[in-house]
Amino acid sequence: MKQYLCRRNADSGYILYILEVLYSVSDIIIPIVTGVVALGAGIAGGYYYRRNIAEAKVAKAEDAVKKMIDDAQKKAETIKKETVLEAKEEVYRIKNESERELRDRRTELQRTERRLIQREETLDKKFDGIEQREESVNKKQRDVEALEASIKELYDKQLKELETISGLSMDEAKAILLNNVEREARHEAAVMLRDIEAKTKEEADKKARNIVSLAVQRVAADHVAETTVSVVPLPNDEMKGRIIGREGRNIRTLETATGVDLIIDDTPEAVILSGFDPVRREVARIALEKLILDGRIHPARIEEMVEKAKKEVDTQIREAGEQAVFEVGVHGLHHELVRLLGRLKYRTSYGQNVLKHSVEVAHLAGIMAAELGANVALAKRAGLLHDIGKAVDHEVEGPHIQIGADLAKKYRENNQIINAIMAHHGDVEPTSIEAVLVQAADAISAARPGARRETLENYIKRLEKLEEIANSFEGVDKSFAIQAGREVRILVKPENVNDADTIIMAKEIVKRIESELEYPGQIKVNVIRETRAVEFAK
């Protein structure tokens, strides 16, 4: 207790000490405390003021929100009522349309049902009529069968009586009748064929002559038959000895390098080059002319000049091909085909220059195509390339037609060009009018007077074969191949061949000639029948 009292006294003293200190500094503390209290009161007052303002704003916002919600609810109720009203109207409209459509369908079904009932009634009536007709037809058929049986019986009876009377069996009489009918039919067919052919030929020949004559006149190309020799003029006869050389070494070297025979005879100031290959002959001619101009003739110089001549001929070949393409007006040819065309300049067929022949065929085919309204460019292209196989036929095995078609395929020519190449000698059927025109143009070019020449042996063989074919037909009395084999005249025995048979015989002879002979142009077959009545007055 004593300790407690001591402690209490100590605390009281401490408090008194503090009060004394506070009193001593009260002049300083009181203003500060007063300011702090005033500041706290201001802060508290501002806080309560702002709080009141915020609460007022919140209350105002809540009222606005409540108002907006009320308005939205009212508007939603209005929209809901309008939507329900529109839905009810739409349901009512759809219901009305459905009912109207249902009524229309019910009406249409009733109408269709009435039509079906009417058709059923009509079909029943028709079936009844058909049954009646069927019964009538069956009855008539039974009557006809009975009538046929009686007719057949009567026919057999009459046939037996006829066989008894005539003394011929039915088969023998039938054979006689068929022979008579066949003879009359053949005669009528021949007469009809002659009339049709005469009329058709008159019109076709007239038009064909006009087209061909126009084409030939417009082309009017010159023809010179190529030969197998070339003549090189010499400045003097002394040059012959220099060409021959010591112990003939120069002429042997030249012949070996060119493959051409040099003929040095008594012909003044001339040397003859003989060879069947026109390219080799041209190389030899150019080389010999260069040697004559140069004057230095010895084996080494000969070989040098031959090489130069070969290059020059190659250039000439290319230029000849380009000139032919330009002259005809064909574009887009492969450069190798152009070179092969140039080689045709030194290729001959029956003595005719093949390049000139190809150019002429192209012109003729183009002119005829223009007259007939066909493809002029295609006809010219096919005409120019129709003999392209002859440029390499001595190097490749096979006929020039197949070689040409293979070349055209190789260098991507179209199928019409290939067909025209293969068909220009009739090996295959032409598939276009341009291919037929190429055939005709090739025949026209080959058949021109002076265009081609033949060896005497081939010429005589063809004439003999013509007469042999004509004489092989029954009823022929004599035959004569005339006009250089372009016509054969056949005299028939009038007692064995009638006028109608002469037409058939002429056609059969033509077929035999076309299948067994090869010839340029065309051959006219003329079958002649004459009846002579000879009597003697005594």
Side-chain angles (χ1 to χ4, degrees), residues 58-156 181 185 188-189 192-193 195-196 199-200 203-204 207 369-379 412 414-419 428-437:
V58 170
K60 188 177 180 180
E62 287 177 353
D63 294 339
V65 169
K66 287 179 181 180
K67 186 178 180 181
M68 290 175 65
I69 292 171
D70 293 339
D71 293 341
Q73 287 178 350
K74 291 178 182 179
K75 193 172 182 180
E77 290 293 333
T78 305
I79 293 172
K80 181 179 178 181
K81 291 178 181 179
E82 291 177 354
T83 304
V84 170
L85 183 60
E86 290 177 357
K88 288 181 179 180
E89 291 178 353
E90 183 67 18
V91 169
Y92 181 72
R93 185 182 62 79
I94 293 173
K95 182 179 179 181
N96 290 337
E97 290 180 357
S98 300
E99 290 177 354
R100 186 172 61 253
E101 185 177 355
L102 185 61
R103 286 195 302 270
D104 294 341
R105 288 187 178 179
R106 188 180 294 113
T107 304
E108 182 66 25
L109 286 173
Q110 291 174 356
R111 191 181 300 112
T112 304
E113 186 176 0
R114 286 196 298 271
R115 285 201 301 267
L116 289 174
I117 292 171
Q118 292 176 358
R119 284 188 180 180
E120 188 175 356
E121 292 175 355
T122 305
L123 288 174
D124 290 339
K125 293 179 181 179
K126 287 184 178 180
F127 283 143
D128 293 338
I130 290 172
E131 289 178 356
Q132 294 176 1
R133 289 181 183 178
E134 187 175 358
E135 291 178 0
S136 176
V137 168
N138 291 334
K139 182 178 179 183
K140 289 182 179 179
Q141 186 174 0
R142 289 193 295 270
D143 295 341
V144 168
E145 290 176 354
L147 183 61
E148 285 180 352
S150 61
I151 291 173
K152 188 175 184 303
E153 184 179 356
L154 182 62
Y155 174 76
D156 293 339
V181 171
E188 291 177 0
M192 187 179 297
L193 179 63
D195 294 340
I196 294 172
K199 188 179 295 184
T200 305
E203 296 175 358
K207 188 171 183 179
E371 291 295 322
L372 296 174
N375 190 329
V376 177
L378 180 63
R412 298 182 180 179
N414 63 47
N415 292 330
Q416 290 178 308
I417 299 293
I418 296 170
N419 175 257
V428 299
E429 288 295 325
T431 58
S432 63
I433 187 173
E434 290 80 11
V436 177
L437 292 178

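Counting begins at 1 with the first residue of the sequence.
Under the side chain to side chain contact (heavy atoms under 4.5 Å, CB included) rule, Glu434 has a single partner from Val376, Leu372, Asn419, Leu378, which is Leu378.
One finds the CD1 atom of Ile69 at 10.5 Å from the CD atom of Glu62 (value rounded to the nearest 0.5 Å).
With sequence neighbours left out, Asn375 forms a side chain to side chain donor-acceptor pair (under 3.5 Å) with no residue at all. Every residue was checked against the side chain to side chain donor-acceptor pair (under 3.5 Å) condition with Glu429, not counting sequence neighbours, and none meets it.
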Would you mind writing out the side-chain donor-acceptor pairs for residues 113-132 within the sub-3.5 Å range, not counting sequence neighbours?
| unit_1 | atom_1 | unit_2 | atom_2 | d |
| --- | --- | --- | --- | --- |
| Thr122 | OG1 | Gln118 | O | 2.9 |

Atom pairs and distances, donor-acceptor, side-chain atoms in residues 81-90, under 3.5 Å, two or more places apart:
| unit_1 | atom_1 | unit_2 | atom_2 | d |
| --- | --- | --- | --- | --- |
| Thr83 | OG1 | Ile79 | O | 2.7 |
| Glu90 | OE1 | Arg93 | NE | 3.4 |
| Glu90 | OE1 | Arg93 | NH2 | 3.2 |
| Glu90 | OE2 | Arg93 | NH2 | 2.1 |

Could you list the donor-acceptor pairs under 3.5 angstrom formed between side-chain atoms of residues 133-150 and any protein atom two or more places apart in sequence or on another chain?
| unit_1 | atom_1 | unit_2 | atom_2 | d |
| --- | --- | --- | --- | --- |
| Asn138 | ND2 | Glu134 | O | 3.1 |
| Ser150 | OG | Ala146 | O | 3.4 |
| Ser150 | OG | Leu147 | O | 2.6 |

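For residues 67-79, no pair satisfies salt bridge (Lys or Arg N to Asp or Glu O under 4.0 Å), with sequence neighbours left out.
Around the CZ atom of Arg105, the shell of radius 6.0 Å holds no more than 12 heavy atoms that belong to other residues, nucleotides or ligands.
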